[in-house]
There are 2 protein chains.
Amino acid sequence: MKRNSRLSLALHTLGHMAGDPDRMRTSADIAEHAGTNPVVVRRVLGRLRKAGLLDAEKGHSGGWRLARPPQDITLADVYLALDESLIATMAEEDAPNCSVEHALHRKVSSVMEDIERSLIERLAATTIAEVK
Amino acid sequence: MKRNSRLSLALHTLGHMAGDPDRMRTSADIAEHAGTNPVVVRRVLGRLRKAGLLDAEKGHSGGWRLARPPQDITLADVYLALDESLIATMAEEDAPNCSVEHALHRKVSSVMEDIERSLIERLAATTIAEVK
DNA sequence: CGTCAAGTAACAATTCCGGTTGCGAATATC
DNA sequence: GATATTCGCAACCGGAATTGTTACTTGACG
């Protein structure tokens, strides 16, 4: 798998879960379908669990399941749960003693923050139940 | 220097050039001011040269200079010249034989493209002459 | 008690990026 | 014309980040 695959893996999995919310899935099942490793799956889905989007149960007949109805989970929820920005932030300068550098950083950072807000707004408009 | 520093370096340098457009600067000068290496500077500024934003001259009294008045160079020009997206693209799946995967990819990609357009629009509203 | 599955730590493999060196080409100065 | 200076470029190194993998622990169910 390539880079930046965490969001892809998370959305892909939740998309399938939305289609059959009651089914319990193990990380091995999910990993096989997604073409990756069970540990990787647990790493990614663990974030979603901590964010309250998924429930996980151990032992026999254990696995993963949606913690909320799929209509109540938006793409923004998943994006924010992963805490992994798709919007690059400006490289912070250690010693911003240059006024030009400082002004540029402020300007571009301001734009990027607006863009990030806009992205979240767009993602919040779609739930995982709508993606099939 | 950290990641995503190419745009920072480019904008920083052009910002200074905008304040004194006639001065010729060598990559060694620029590198020292930016705290990096002359070769790195040439790598980054070389892209801007190919995009028509900068002129470079070899030999004695050679160096770098703006190719256009600073009022005619926007942040978007620099961003596009570097051909380095600040917006992450979705990991392309090799075999998109999964309909959920496919639908998700289309949905998210569509949003990301809108966001990228929006970013460029925002960057195009500011010229390097305005950042001081 | 044994099995199954998540949770987690540790390590290897890969990729990406800036930094560095070296050399060639072009141009100004002597 | 010789020399010095500067960009252009290719090759390689090293660090950082990410994914893949192994191994072990914890907890739940039959």
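Nothing here was measured: the structure is a model prediction, and the numbers come from that model. Letters A, B, ... mirror the listed sequences (proteins, then strands); counts begin at 1.
Summarising the geometry, the separation between CZ on B:Arg47 and C1' on D:dC9 is reported as 14 Å, rounded to the nearest angstrom. With rounding to whole Å, A:Arg65 atom CZ is found 14 Å from C:dA5 atom P. Rounded to an integer number of Å, the gap from CG of B:Leu82 to P of C:dG18 is 11 Å.
Checking the phosphate oxygens (OP1, OP2) of C:dC17, no side-chain nitrogen or oxygen of B:Ser5 falls inside 4.0 Å. For the OP1/OP2 pair of C:dA5 and a distance below 4.0 Å, the side-chain nitrogens and oxygens of A:Arg25 include no atom meeting the criterion. Side-chain N/O atoms of A:Thr36 include one lying less than 4.0 angstrom from OP1 or OP2 on D:dG20. The phosphate of D:dT19 has OP1 or OP2 within less than 4.0 Å of a side-chain N or O from A:Arg6.
Distance from the side chain of A:Ser27 is smallest for C:dA6 among the nucleotides C:dA6, D:dC7, D:dT19. In the set D:dG8, C:dT21, D:dC9, C:dT21 carries the atom at the smallest distance from any side-chain atom of B:Asn37.
Residues forming a side chain to side chain contact (heavy atoms under 4.5 Å, CB included) with A:Ala88 (at least two apart in sequence, or on another chain): B:Asn4, B:Leu86. Looking at residues two or more places apart in sequence or on another chain, you find a side chain to side chain contact (heavy atoms under 4.5 Å, CB included) between B:Leu80 and B:Ile120.
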Under the side-chain contact (heavy atoms from CB on, under 4.5 Å) criterion, do A:Met112 and B:Leu119 qualify, and how do the steps go?
CA-CA 8 Å; A:Met112 297 309 286; B:Leu119 170 61; 3.8 Å; yes
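The stretch residues 118-127 of chain A participates, sequence neighbours left out, in these side-chain hydrogen bond (donor to acceptor under 3.5 Å, both in side chains) pairs: A:Arg122-B:Asp114, A:Thr126-B:Lys107, A:Thr127-A:Glu130. Within the structure, the salt bridge (Lys or Arg N to Asp or Glu O under 4.0 Å) test picks out no pair touching residues 25-37 of chain A (sequence neighbours left out).
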At under 4.0 Å between heavy atoms, how does the protein contact nucleotides 22-30 of chain C? Give one character per nucleotide, 5' to 3', with B, S or -.
----BBB--
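Interface remark: the A:Arg43 side chain does form a donor-acceptor pair with the D:dG20 base, using a distance-only criterion of under 3.5 Å.
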Check residues 39-61 of chain A and write down every donor-acceptor pair under 3.5 Å in which the side-chain atom is one partner and the other belongs to a residue at least two apart or another chain.
residue, atom, partner, partner atom, Å
A:Arg42, NH1, A:Ser27, OG, 2.9
A:Arg47, NH1, A:Leu82, O, 3.0

